[in-house]
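Working notes, structure below.
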Amino acid sequence: MYYLYKEKKQPLILAIDEAQYLNYNILRDLKMLMNYRYDSLNCFSLVLIGEPYLNHILEKQVHEALRQQITVHYNYEGLSDQAVPDYIQHKLELTGRSRSILGGDAVSAIHGYGGQCPEDRQPNDRCPDDRGTAG
């Protein structure tokens, strides 16, 4: 990392998806890696991506040092009631379909199906494409 940063002028981005499944040891190692010889340098950026439960994990006192290094924090709350019809229309257009195959009641049902769970990948999981896979 140091070589890439100092010699090649190429900062590294380490992105970890499903970070809510990282155990204490891995989170501790990430914190130590971010601190190792890099107190005055910013050799790499760490991006943790995960379900809302990740926030609860990082709020624990044992992860205070790692949490202090987080400079950007974003929570995705899902699509609004107004955005869902446009999103579904966009997905339909990508498959060559028109809006006419789904009425307002169907769109409301798709959105309402998982509306209580912001971490739900709505409405993608409920609108499979022609191949039978999620949009």
Side-chain angles (χ1 to χ4, degrees):
M1 286 185 290
Y2 185 79
Y3 171 77
L4 286 174
Y5 178 77
K6 286 301 261 184
E7 303 297 325
K8 297 289 188 174
K9 306 291 187 226
Q10 295 177 347
L12 175 71
I13 298 174
L14 174 59
I16 301 175
D17 195 9
E18 302 292 346
Q20 73 274 7
Y21 296 121
L22 296 176
N23 66 33
Y24 164 79
N25 292 327
I26 293 173
L27 289 170
R28 184 199 63 218
D29 290 349
L30 287 171
K31 177 196 59 124
M32 292 175 66
L33 181 62
M34 293 181 79
N35 288 334
Y36 181 73
R37 292 184 55 197
Y38 306 127
D39 289 338
S40 61
L41 300 173
N42 201 4
C43 292
F44 79 102
S45 296
L46 175 64
V47 179
L48 297 176
I49 306 156
E51 298 287 334
Y53 182 67
L54 177 59
N55 291 326
H56 300 294
I57 294 169
L58 294 175
E59 288 170 0
K60 293 181 180 178
Q61 183 64 34
V62 70
H63 299 302
E64 175 69 22
L66 180 60
R67 188 175 62 248
Q68 288 177 356
Q69 294 182 354
I70 296 174
T71 57
V72 176
H73 185 103
Y74 182 78
N75 287 319
Y76 174 69
E77 298 295 330
L79 297 175
S80 69
D81 293 341
Q82 297 81 17
V84 170
D86 292 337
Y87 178 80
I88 291 174
Q89 176 60 28
H90 170 72
K91 298 300 276 186
L92 288 170
E93 288 171 0
L94 289 176
T95 64
R97 304 259 172 115
S98 70
R99 181 183 283 269
S100 63
I101 66 169
L102 288 178
D105 290 341
V107 171
S108 294
I110 290 167
H111 185 236
Y113 178 74
Q116 302 303 314
C117 303
E119 67 274 7
D120 185 25
R121 301 177 198 275
Q122 62 175 344
N124 244 10
D125 289 344
R126 293 179 296 283
C127 294
D129 62 21
D130 290 348
R131 299 174 306 268
T133 59

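We number each residue from 1, following the sequence as shown.
Partners of His73 according to the side-chain hydrogen bond (donor to acceptor under 3.5 Å, both in side chains) rule, which considers only residues two or more places apart in sequence or in another chain, are Asn55. Taking Tyr21 as the reference, Glu18 meet the side-chain contact (heavy atoms from CB on, under 4.5 Å) condition, with sequence neighbours excluded. With sequence neighbours left out, His56 forms a side-chain contact (heavy atoms from CB on, under 4.5 Å) with Tyr53, Glu59. Ile16 meets the side-chain contact (heavy atoms from CB on, under 4.5 Å) test with Leu14, Ala19, Leu22, Leu30, Leu46, Leu48; sequence neighbours excluded. Shown here are the side-chain hydrogen bond (donor to acceptor under 3.5 Å, both in side chains) partners of Asp105, two or more places apart in sequence or in another chain: there are none.
Linking Ile, Leu, Val, Met, Phe, Trp and Tyr residues whenever their side-chain heavy atoms come within less than 4.5 Å leaves Tyr24 and Ile70 in two separate clusters.
Atoms CD and CG, from Gln68 and Leu58 in turn, are 12.0 Å apart once rounded to the nearest 0.5 Å. Put simply, CG on Leu27 and CE on Met32 are 13.0 Å apart, with the number rounded to the nearest 0.5 Å.
Hydrophobic cluster membership for Ile49: Ile13, Val47 (Ile, Leu, Val, Met, Phe, Trp, Tyr linked by side-chain heavy atoms under 4.5 Å, directly or transitively).
The minimum heavy-atom distance linking Ile57 with Gln20 is given by the pair CD1-O, 3.3 Å.
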